[in-house]
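What follows is one structure encoded as structure tokens, with my remarks underneath.
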Amino acid sequence: MSTREALLEVDNLKVEFRTDDGVVHAVDGASYTVRPGTTLGIVGESGSGKSVSALTMLGLTRSKRTQVSGRILFEGRDLLTLPDDELRQIRGDDIAMIFQDPLSSLHPFYKVGQQLIEAVLMHRSVSKAAARDRAINLLELVGIPDPHRRVDAYPHEFSGGMRQRAMIAMALANEPKLLIADEPTTALDVTVQAQILALLEDLQQRLGMAMIIITHDLGVVAEVADEIAVMYAGRIVERAGTERIFATPHHPYTWGLLKSIPRLDTPRSEDLVPISGRPPSLINRPSGCHFHPRCPYVREEHRRIDPKLQDVPGEFGHLVACLLPVELRRRVWKGLQSGQTPEELRHLVDDKPVPEAVAAAPPGKEAGP
Amino acid sequence: MTKYIIRRLLWMIVLLFGVSFVTFIIFYLLPSANPALLRAGHAPTAALIKAIEHQLGLDKPWYVQYLDYMKALVLHFNFGYSYFYNTAVRTMIFNRLPATISLALGAAVIWLVSGIIIGTISAVRPRSRFDRFSMGAALVAISAPPYWLGLVTLFLFSTSVGRFPIFPGAGSYVPLTQNPLHWFTGLILPWLVLAASFAAIYARLLRGNLIEVMSEDYIRTARAKGVPERRVIVRHGIRSAITPLVSAAGVDIGVLLGGVILVESVFSIPGIGNLAYQSILVGDLPMIQGTVLIGAFFIVAMNLIVDIAYAFIDPRVRYS
């Protein structure tokens, strides 16, 4: 771990939305840091609060019905208390963001070039012609062929991968120190996904910017991220360096994520194991450990005790929020790695009955929470 | 695009033929009153009526009458002669057109400007006091019949019978070429009355569209770029939300150019609508036919203009 000063420091961030149905606890005490030039992957299911924390950073969730607390320090300034206009000047300049669906994220009525030029002119006092030259350079930078002609094309004339490249070009317009990519590859073809990830990694190295990649797919961040934070129900349940997360994960939810993606280094006969149940409601969250209704290793007291994010003994910089004893977690993960199913490993936890969600669901089928 | 426009223009001609035929059927074959009888004075003899029918060509078979009419129209752009005024229908309509155009276009400017402003403010601050008040007022404006609204404004604000004599009342229309100032002041009340319900409809339409557009992903992108909120609303939001208003405005203006019967009648404005109304009262068939055709022409033409304009407004629209 480097001791360089953090570029971004999120400290105990809480975001709540007041709705007609009740208060949605979208983010509940998330803390993470991003150092200059590094990449943080935030992984979780939809509705785990991963996008909300990023949008809050940029002030895009500000409204009368939103309650935000905690701190988001960017280069020492707290973004949460910045006036709207000062925060606006940071958006698209020092911090830029790209989104999941590049078609709906680009304005259908304006040429790609016009949208790039706007991004430049919002933060730089240069002539329109200079901004246009910059737009062409940016399109070239992100690998769009024939940028002189493409700059005058409309988004619907681009392919999906090209649109995402154009979005990235727009985000890079003012050489941001931090780029937030919210599910940057989810809406793209599998072949294009790898290209976009490679492009992001290449650009990061060339421009020396920090990145936050938000995704539901651990596979996406495996290659790119330096550190990974796993979010569940608005909280970070596990945080560690990327290699640690893949080698010695400590949270049952992370195990679930890892066992539900196909890998080349495991026997093909081994079945993928889905995580049973659904993401919890963020209005009425489960008691105790929020993951307990879906956890195959739940114990009675987990329904009451709320786990804290704590250091894993002996693994510096690895944090996890799990109530199981650390030695037991290591044994379960070993078992899972050797191809055993959660049902087979259940006896390690104790001899109490298996939770309904797991007992009721045949493998491969989803059960209610 | 050129091919498309030519095809549309040909269709337009076919459509106008259809309209002429249908109105001819309705008014010539099923007339509300015998036009000859209306022209024959107080105690007409059967012979006199016969003579007038012959003079007007009403004793010929209907298809001969229609063919004669169309021949004159296509070859000489002749709409026939009014039974009532004894002048060419074409001259009458062209004389009346400036008043109707003044009324319709002036009102359109008012309702577009006010509708867009009110709709935008309401959409940006939904459920605010302004939004609730203006949407409530819009409902009233939509529900109020224009002739009733016209009479109310006359009794309130006209210099002739009004309680607060501010604006000239009924019958004060003056052509623009004659006196621009009086043209303007004379049309203020009719414009407002005509624009009221349209402004309400457009404000509600834009409000709904804009609220939807403002939750689009590309609005979030604009904000993430650091675009100031005002510019996000105008350049990114309204730009998209306004497109349905363009087509609505085109069609509405087209309809009004064919005559604004109620408002023209209440304010005694010598326009096409007033002319059509009077012609129906006296069974002036060539005049009715002429006003219907001119109305249909404006509607079809404005529709074509809207469709062509759409290709410029929305780059995704391409005609082939």
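Chain A is the first sequence line, chain B the second, and so forth, proteins listed ahead of strands; every chain is numbered from 1.
- By the side-chain hydrogen bond (donor to acceptor under 3.5 Å, both in side chains) test, Arg231(B) is found to be paired with Glu118(A), residues two or more places apart in sequence or in another chain being considered.
- For Leu55(A), the part lying near chain B is the side chain, with the backbone staying farther off; criterion is any non-hydrogen pair under 4.5 Å.
- Atom CD of Glu229(B) has more than 12 neighbouring heavy atoms from other residues, nucleotides or ligands inside a 6.0 Å radius.
- A donor-acceptor pair under 3.5 Å is absent between the side-chain atoms of His107(A) and the main chain of Ala222(B), judged by distance alone.
- With a 4.5 Å cut-off on side-chain heavy atoms, Gln100(A) and Asp217(B) do not count as touching.
- Chain B is approached within less than 4.5 Å, heavy atom to heavy atom, by Tyr154(A), His156(A) from residues 147-159 of chain A, ordered by number.
- At most 12 non-hydrogen atoms from other residues, nucleotides or ligands lie less than 6.0 angstrom from CZ of Phe184(B).
- To the nearest 0.5 Å, the span separating CZ on Phe109(A) from CG on Asp314(B) amounts to 4.0 Å.
- Within the model, atoms CZ of Arg220(B) and CG of Leu58(A) stand 10.5 Å from one another, a figure rounded to the nearest 0.5 Å.
- Thr221(B) contributes atom OG1, which lies 9.5 Å from atom CG of Leu60(A) (distance to the nearest 0.5 angstrom).
- Against chain B, the residues from residues 166-176 of chain A that qualify, each with a non-hydrogen atom under 4.5 angstrom away, are Met167(A), Met170(A) in number order.
- The closest donor-acceptor contact from the side chain of Lys225(B) to the backbone of Gln115(A) lies under 3.5 Å.
- For CZ of Arg124(A), the number of neighbouring non-hydrogen atoms (other residues, nucleotides, ligands) closer than 6.0 Å is greater than 12.
- Considering only heavy atoms from C-beta on, Ser105(A) stays 4.5 Å or farther from Glu216(B) through its side chain.
- The shortest non-hydrogen separation linking Pro315(B) to Pro108(A) is CG-O, 3.4 Å.
- Pairing each heavy atom of Pro228(B) with each of Arg88(A), the nearest pair is CA-CD, 3.4 Å.
- Between the CZ atom of Arg223(B) and the CG atom of Leu87(A) there is a distance of 12.5 Å, given to the nearest 0.5 Å.
- Heavy atoms of other residues, nucleotides or ligands lying less than 6.0 angstrom from CZ of Arg71(A) number 12 at most.
- Cation-pi geometry between Arg239(B) and Tyr110(A) is satisfied (NZ or CZ under 6.0 Å from the ring centre, within 45° of the ring normal).
- Heavy-atom neighbours of Arg65(A) CZ from other residues, nucleotides or ligands within 6.0 Å: above the threshold of 12.
- For a residue to count as touching a neighbouring chain, one of its non-hydrogen atoms must lie under 4.5 Å from one of that chain's; by this rule Ala96(A) does not touch chain B.
- The interface of residues 242-250 of chain B with chain A, defined by heavy-atom distances below 4.5 Å, comprises Thr243(B).
- When every heavy atom of Ala224(B) is checked against every heavy atom of Met97(A), the shortest pair comes out as CB-CB, 4.5 Å.
- When the shell of 6.0 Å around CZ of Phe17(A) is examined, it contains more than 12 heavy atoms from other residues, nucleotides or ligands.
- Atoms CG and OH, from Leu103(A) and Tyr218(B) in turn, are 11.0 Å apart once rounded to the nearest 0.5 Å.
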